[in-house]
Amino acid sequence: MDRSAQAIRSDPTGHDHIEVIGAREHNLKNVSVALPRNKLVVITGISGSGKSSLAFDTIYAEGQRRYMESFSAYARSFIGNLERPDVDKINGLSPVISIEQKTTSRNPRSTVGTVTEIYDFMRLLFARAGEAYSYLSGQKMIRQSEDQILDALLGNFAGKKLTLLAPVVKGRKGHYRELFVQIRKQGFTKVRIDGKLEEITAKMQVDRFKIHDIEIVVDRIVADPQDRFRISQSVARAMKEGKGVMMAMEESGKVHHFSRFLMDPATGLSYDEPAPNLFSFNSPYGACPVCNGLGVIEEITEESVIPDKKLSISRGGILPLGEYRDIWIFKKVEAILKRYKVSLATPIKDIPKEVMRILLYGDDVPVAVASVKYPGTEWNTKFEGIISFINKMREDGSDFTRKWTEDFTITRTCPECLGARLKKESLHFKLDNTNIAQLAELNISALSRWFDGLEGRLNEKQRVIATEVLKEIRKRIGFLLDVGLDYLHLNRPINTLSGGESQRIRLATQIGTQLVGVLYILDEPSIGLHARDNARLIKALKDLRDLGNTVVVVEHDKEMMLESDYIVDIGPGAGRHGGVIVAEGSPQQFLRNNSTTARYLSGELTIPFSKNRRKGSGEWLSLTGASGNNLQNVDLEIPLGTFTCVTGVSGSGKSTLIHDTLFPILNRHFFNARKEPLPYKKIDGLKLVDKVIEVDQSPIGRTPRSNPATYTGVFTDIRDLFSQMPEAKIRGYKTGRFSFNVKGGRCETCEGAGLRHIEMEFLPDVYVPCETCKGKRYNRETLEVRFKGKSISDVLDMTVEEAVTFFEHQPKILRKIETLNDVGLGYISLGQHATTLSGGEAQRVKLATELSKRDTGKTLYILDEPTTGLHFQDIAHLLAVLQKLVDKGNTVLVIEHNLDVIKSADYLVDLGPEGGAGGGKIVAKGTPEQVTKNAASFTGKFLGSELKVRS
């Protein structure tokens with residue numbers, strides 16, 4: 001009996017298929033399909049054809065609803081009811097877990113290590129098996145029992161006179177009158193105050209405003225084994241009075257420290273007993289006190305406030321003040337400068353440093369400013385300083401003021417922890433001479449090597465403690481390696497990962513749970529994955545299937561489809577032209593179909609590309625010596641006027657080079673942006689470009705209020721049009737009446753959102769349609785104003801494709817909507833909630849917004865994997881749009897793994913050869929044909945076979 005047969009027989013549902021009957025959610029047209037259980041099923045089709053509607057909005061939504069139904073009526077009363085998806089029936093449905101692109105955390109404290117629990121196990125390991133070292137002397141910290149202390153005194157100081165001291169005050173202010181009375185009552189006659197022995201006298205006290213160290217003189221002894229009993233009694237008393245700590249002072253005054261806790265024998269520095277939260281940057285016990293565990297601090301510096309010291313103050317040299325105006329602040333500044341015989345017209349570089357310090361940080365000398373209202377009088381006030389004022393506004397100002405202060409804020413590595421996030425004590429617990437922060441900075445591949453054979457580098461006690469914890473850590477590291485994430489490091493914030501990376505992390509976590517009989521639904525997990533790493537991802541999905549689970553993947557990747565057990569193709573078109581199953585079956589059966597996807601898979605249809613590569617304008621943009629993160633002194637050259645592709649295996653340094661180095665340099669040059677680029681030596685060719693536009697995959701909005709119409713700006717034009725309608729003029733409706741974000745025309749129950757937000761205690765929050773306006777967003781009066789028989793709500797519900805026809809005689813509106821259609825988004829509605837758009841769709845909305853603006857012919861466009869979520873046919877449309885931009889003289893720079901895009905480029909820059917520390921070099925550059933001849937390039941190897949197949 002084979003594996004799948006066993007899994008089906010043992011299936012508690014008694015079904016061998018998940019049967020969906022009569023699905024009509026969104027654009028689905030009464031779809032009925034049977035997906036085989038315990039198999040790897042791929043749902044594919046043209047973008048917007050209804051894949052996600054079937055997988056997520058029907059199957060997953062019904063699974064979630066049934067789970068909610070299992071709660072008691074009392075629990076459901078707190079949650080509210082989830083609406084049943086528009087489907088007649090679903091049979092054979094297992095518990096459902098969805099792994100989507102959009103579920104990443106925006107919290108900077110959430111890292112790869114915390115999400116995968118690897119860091120949590122490492123905290124436990126260091127708390128139980130770590131060795132403490134003093135941050136003062138570097139010596140290993142020791143803890144001693146009373147017997148060990150006694151042996152040390154008798155062994156190390158034999159025959160010597162010693163004074164046993166019990167510390168009661170360490171580095172604190174106060175007069176301590178009551179303390180001396182209490183010590184005297186206990187029978188002690190002497191104390192050591194700030195290193196000096198003194199007799200306790202009546203009404204004795206010390207200077208209350210100075211910091212003191214006070215120890216009780218418990219006994220004076222000679223270290224002689226014959227007096228062992230007496231000395232042991234004195235040691236016990238000293239430990240009791242000193243709360244586990246004591247000191248022994250020789251006649252010379254040299255002091256030795258002893259403790260039953262962790263202590264540095266040289267300096268007396270002691271640490272608390274380590275617990276797992278001592279190594280957590282999210283806990284006040286472990287976090288660096290300066291940056292609160294973030295590893296970076298935000299500060300306002302002289303450089304951020306005065307970017308160009310050649311300018312004078314009157315010409316806007318001090319950025320927050322701007323150019324000279326006849327206002328109070330400039331009068332104050334002028335009065336200060338006058339005192340030092342300097343004027344507002346003096347270039348800042350020529351103003352004395354002391355004067356600039358007063359301007360920026362203030363001083364206590366009152367400044368006299370002549371009163372305008374009362375001529376002949378002067379106002380004398382102190383000047384608090386420009387940077388001091390901005391800092392105060394950042395702490396106590398309104399939201400608007402805080403946003404203003406962000407323009408002058410620079411993010412810097414924390415000077416205390418140097419980016420390690422933890423306090424000093426935490427960083428001085430080590431295993432094999434390595435602290436936990438150093439391990440968190442290793443990539444997963446290097447971390448795996450460090451943990452291999454660790455037991456052999458530990459002592460016997462550490463080995464016994466670490467055995468079980470190491471098993472858990474290695475298991476989780478193995479899962480991350482299986483899904484191709486070997487280049488990430490544990491400290492990488494989750495909010496910096498691509499949609500595909502965050503999905504694969506969750507996938508690795510799910511494999512680790514070892515659940516059986518579950519239905520997993522994934523949304524394009526291959527995003528951001530190089531062709532070389534695809535096989536590992538497919539193996540991970542098959543492993544999940546082989547545990548006895550059903551894995552449904554919404555995917556466009558050719559290799560994933562051919563390796564699956566079953567393919568369902570939805571089409572034939574997008575939006576209202578889709579919603580029908582056009583082909584299904586095993587890969588072998590599927591290839592015999594005549595659907596668009598099947599024809600691309602079989603090679604009958606291909607994405608066309610020109611073998612005549614553009615040479616460009618002959619000018620280059622050159623970046624020299626980029627060395628951020630894993631980049632190894634990279635020199636990047638981009639031929640202007642070409643379609644250039646930056647490629648390389650995952651983690652090779654593409655994003656570091658383009659997003660974190662090149663783009664911030666250009667953005668700062670053209671738009672005075674504040675983000676600091678990563679280290680580089682120089683850049684040439686800036687004068688050859690006149691603006692830069694970056695189009696990434698971050699959401700166009702966090703709430704349902706954001707949508708393609710508002711983001712592209714076309715909604716403003718549509719509202720203007722509706723306010724010009726005769727009915728609107730009769731009623732006196734202005735443009736604002738047709739906004740769903742302000743009071744007046746909107747539905748007040750949902751405040752114009754069209755949805756109500758329901759917070760779920762143990763599930764992702766959900767949005768349900770507003771019961772008053774039924775999702776229309778507006779009140780009845782506003783909806784009575786119509787253009788061509790349609791209300792403003794009807795317009796928001798139109799697909800982009802329908803809107804192109806509807807607004808054909810409104811050129812201003814049409815231009816923006818047509819660009820949305822050109823980038824393959826004809827199927828989305830103008831008012832589609834931003835929270836329902838995939839990363840790829842959000843990126844194409846941004847691209848359309850930029851395309852609708854007038855280009856200059858010297859613009860540099862930077863795109864990050866624009867093929868995300870695109871079918872073969874949509875990629876062809878997108879490439880046509882990008883090639884048009886280049887034909888006008890612009891430069892398009894794309895980070896991409898998709899071979900169809902790579903083979904269409906004029907010029908390639910391939911980074912590698914590996915990810916993480918093994919990458920960071922340019923291994924190949926040139927035309928696609930030249931890169932295929934480079935044996936060191938993994939991209940060249942896969943591209944070579946693609947070009948042969950297509951030629």
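Both backbone and side-chain heavy atoms feed into the values below; hydrogens, waters and symmetry mates do not. One-based numbering along the sequence shown.
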Intermediate values then yes/no, side-chain contact (heavy atoms from CB on, under 4.5 Å), Ile46 and His577: CA-CA 10 Å; Ile46 286 171; His577 304 300; over 6 Å; no

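- Of the inter-residue distances, the one linking Thr656 atom OG1 with Leu678 atom CG reads 6.5 Å to the nearest 0.5 angstrom.
- Under 3.5 Å, the side chains of Ser526 and Glu555 contain a donor-acceptor pair of N or O atoms.
- Taking CG of Leu943 as the reference point, atom CZ of Phe938 lies at 15.0 Å (rounded to 0.5 Å).
- Checked for salt-bridge contact, Glu850 and Lys853 meet the test: a charged N lies under 4.0 Å from a carboxylate O.
- One side chain, Glu501 or Tyr487, offers a donor N or O that lies under 3.5 Å from an acceptor on the other.
- Applying the salt bridge (charged side-chain N to carboxylate O under 4.0 Å, His left out) test to Glu914 and every residue at least two apart in sequence or in another chain returns Arg532.
- When only modelled atom types and interatomic distance are considered, Thr642 and Asp906 share no side-chain donor-acceptor pair under 3.5 Å.
- Looking at Thr44 and His871, their side chains never bring a donor and an acceptor atom within 3.5 Å of each other.
- Using bins of under 30°, 30° to 60° and over 60° for the plane-to-plane angle, the ring pair Phe722/Phe787 lands in the perpendicular bin.
- Counted by atom type alone, Asp797 and Ser829 present zero donor-acceptor pairs between their side chains at under 3.5 Å.
- Applying the salt bridge (Lys or Arg N to Asp or Glu O under 4.0 Å) test to residues at least two apart or on different chains, the pairs with a partner in residues 648-672 are Asp660-Lys675, Arg668-Glu676.
- Side chains of Asn707 and Thr710: a donor-acceptor N/O pair is present below 3.5 angstrom, by distance only.
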With a cut-off of 3.5 Å and sequence neighbours excluded, list every side-chain donor-acceptor pair involving residues 876-885.
| residue | atom | partner | partner atom | Å |
| --- | --- | --- | --- | --- |
| Gln883 | OE1 | Arg614 | NH1 | 2.9 |
| Gln883 | OE1 | Arg614 | NH2 | 2.9 |
| Gln883 | NE2 | Ser904 | O | 3.3 |

message: Working note: Tyr827 + Gln832, criterion side-chain hydrogen bond (donor to acceptor under 3.5 Å, both in side chains); need CA distance, chi angles, decisive distance, verdict.
response: CA-CA 10 Å; Tyr827 60 91; Gln832 186 166 334; over 6 Å; no

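- In this structure, Ser47 contributes its side chain and Gly869 its backbone to a donor-acceptor pair below 3.5 Å.
- Taking CG of Leu686 as the start and OG of Ser622 as the end, the distance is 10.0 Å to the nearest 0.5 Å.
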